[in-house]
Protein chains: 2
Amino acid sequence: MPPLGPDTFGFLITDIARLLRRNFEREIERAGVPVTPAEARVLAHIARCDGIRQTVLADRMGMSPMSVTSFLDSLEAAGMITRGPDPQDRRAKRVTLTDTGTALLTPIAQAGQKVRATAMAGVAPSDQDAFHRAALALRDNLGSTSQPPAEGSSK
Amino acid sequence: MPPLGPDTFGFLITDIARLLRRNFEREIERAGVPVTPAEARVLAHIARCDGIRQTVLADRMGMSPMSVTSFLDSLEAAGMITRGPDPQDRRAKRVTLTDTGTALLTPIAQAGQKVRATAMAGVAPSDQDAFHRAALALRDNLGSTSQPPAEGSSK
DNA sequence: AGATTATACTAAGGTAGGCTTAATATATGC
DNA sequence: GCATATATTAAGCCTACCTTAGTATAATCT
């Protein structure tokens, strides 16, 4: 059993996530995008499946429907998304991006890309690829997001 | 610019971190270890450098000294650590693990190992190695923890 | 038709993991 | 002496979720 320390897998990932978040927040703010990282994530998920139902979105994001509702409330109030009726199930609502929301995707992506570039500086491309492959596997293994059929990728 | 989506680097890492944390929490609870993941991390850092000063610990962990104080308060109250005077600087305190705290390291490590195994299932060993290498680089690149000279490794 | 389950939401409150400003007492270094 | 360092207290804030409880409405199953 190797020594428990800062480089232990779980702590390492947690560190990275925290640092990523800090950097992302900074870049997003610089870009003048008025969302939090988690909100950005919600937007990204919606962008991936525009018109998605709230419960499906929650499932995809691996969080409770109620938490999703909170995020959607904020995003809707900010004019970034709209929620409209589902013609096939009157209980449900489908979430779509507004033009305002859609316009935010590029700066968000750019901010993310910038952070990613910083993070990956000096890492061999093959290691980067391996990292991404492993990361996808990790996420799947740890259970969660049932993705729609991969429709082209990543990054 | 690739499409923004759930597999975007930053969101992917965030997802993994969140899932790791959930799994870790569950395993820790199963093991009957009364700490939160963040507390476990603090313990791990202390274990790495027993007798470390609080400010150094904060720096190592990439967080503010005051936040560290909060964590240490909890851990000390739980009898897992002690804070004693630094013979070389009377302003400072050195943090050490108690026997109680030390005894928690193994179950914590085991819990972490279990989660890691789950996460890495089916990932080629070479990809695992690459992942770890890249992860270390990522953390360094994103800035933070000045590590003591690597004194043997990891995982 | 009635029972059960599903969808979105409101209300309320909580945990965890930090952060910040402000200030204090004491100690160290120049 | 003055500036900086160390740990701490006080207070309040933000983000990212979670949970129980309940409601109105709708869909599905028996």
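The shown structure was predicted, so the numbers you read here are calculated from the model rather than taken from an experiment. In what follows, every chain begins at residue 1, and chains take the letters A, B, ... in the order their sequences are listed.
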S.K.: Quick test of your reading of the model: are A:Arg41 and B:Asp15 salt-bridged, counting only N-O distances below 4.0 Å?
M.R.: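 A salt bridge links A:Arg41 with B:Asp15.
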S.K.: What is the distance from atom CZ of B:Arg48 to atom OG1 of A:Thr8, rounded to the nearest 0.5 Å?
M.R.: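 These two atoms lie 8.5 Å from each other.
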S.K.: For B:Arg94 and B:Arg22, take the nucleotide of DNA chain D holding the closest heavy atom to each; which residue's nucleotide lies nearer the 5' end?
M.R.: B:Arg94
S.K.: If I take atom CD1 from residue A:Ile13 and atom CZ from residue B:Arg18, how far apart are they, to the nearest 0.5 angstrom?
M.R.: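 The CD1 atom of A:Ile13 sits 14.0 Å away from the CZ atom of B:Arg18.
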S.K.: Over how many whole Å does the gap from A:Arg90 atom CZ to D:dA24 atom C1' extend?
M.R.: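 The distance from CZ of A:Arg90 to C1' of D:dA24 comes to 13 Å, rounded to the nearest Å.
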S.K.: Rounded to whole angstroms, how far apart are CZ on B:Arg18 and P on C:dA16?
M.R.: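 In whole Å, C:dA16 P lies 18 Å from B:Arg18 CZ.
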S.K.: So if I take every side-chain heavy atom of A:Arg53 and compare against D:dA7, C:dT7, C:dC9, which nucleotide ends up nearest?
M.R.: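 Looking only at side-chain atoms, A:Arg53 lies closest to C:dT7.
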S.K.: Check whether any side-chain N or O of A:Thr55 sits under 4.0 Å from OP1 or OP2 of C:dA8, and answer yes or no.
M.R.: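 Result: yes.
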S.K.: Can you confirm whether the side chains of B:Thr82 and B:Thr96 place a donor and an acceptor under 3.5 Å from each other?
M.R.: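 Side chains of B:Thr82 and B:Thr96: pair found under 3.5 Å.
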S.K.: The side chain of B:Arg91 is closest to which nucleotide in this list: D:dA5, D:dA26, D:dC17?
M.R.: D:dA5
S.K.: Does D:dA26 have its OP1 or OP2 closer than 4.0 Å to a side-chain nitrogen or oxygen of A:Gln88?
M.R.: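 Checking A:Gln88 against D:dA26: no side-chain N or O falls below 4.0 Å of OP1 or OP2.
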S.K.: To the nearest angstrom, how far is A:Glu25 atom CD from C:dC19 atom P?
M.R.: 11 Å
S.K.: Nearest whole Å is fine: how far is D:dA5 P from B:Asp86 CG?
M.R.: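 Rounded to whole Å, this separation is 16 Å.
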S.K.: Consider the side chain of A:Arg21, meaning its heavy atoms from C-beta on, and name the nucleotide among D:dA16, D:dT6, C:dC19 that approaches it most closely.
M.R.: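 My answer, after comparing the listed nucleotides, is D:dA16.
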S.K.: Write down the distance between CE (A:Met63) and C1' (D:dT15), rounded to a whole number of angstrom.
M.R.: 12 Å
S.K.: From the options D:dA16, C:dT7, D:dA7, select the nucleotide whose nearest atom is closest to the side chain of A:Ala38.
M.R.: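 Closest of the options to the side chain of A:Ala38: D:dA16.
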S.K.: Rounded to the nearest angstrom, tell me the gap between atom CG in B:Asp89 and atom P in D:dT8.
M.R.: 13 Å
S.K.: Would you tell me whether B:Ser64 and B:Ser67 have side-chain atoms, one donor and one acceptor, within less than 3.5 Å of each other?
M.R.: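 B:Ser64 vs B:Ser67: donor-acceptor pair found between side chains.
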S.K.: For A:Glu27 and A:Ala111, work out which heavy atoms get closest and say how close.
M.R.: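 Between these two residues, the closest heavy atoms are CB-CB, 3.7 Å.
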S.K.: Rounded to whole angstroms, how far apart are CG on B:Asp59 and P on D:dA7?
M.R.: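 In whole Å, D:dA7 P and B:Asp59 CG are 12 Å from each other.
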S.K.: Atom CZ of B:Arg26 to atom P of D:dC18: distance rounded to whole Å?
M.R.: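 Rounded to whole Å, this separation is 14 Å.
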S.K.: Using a strict 4.0 Å threshold on nitrogen-to-oxygen distance, state whether A:Asp89 and A:Arg53 make a salt bridge.
M.R.: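 Result for this pair is yes, salt bridge flagged.
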S.K.: Let's see if you get this right: which residues in residues 64-84 of chain A place a heavy atom under 4.0 Å from DNA chain D?
M.R.: A:Ser64, A:Met66, A:Ser67, A:Phe71
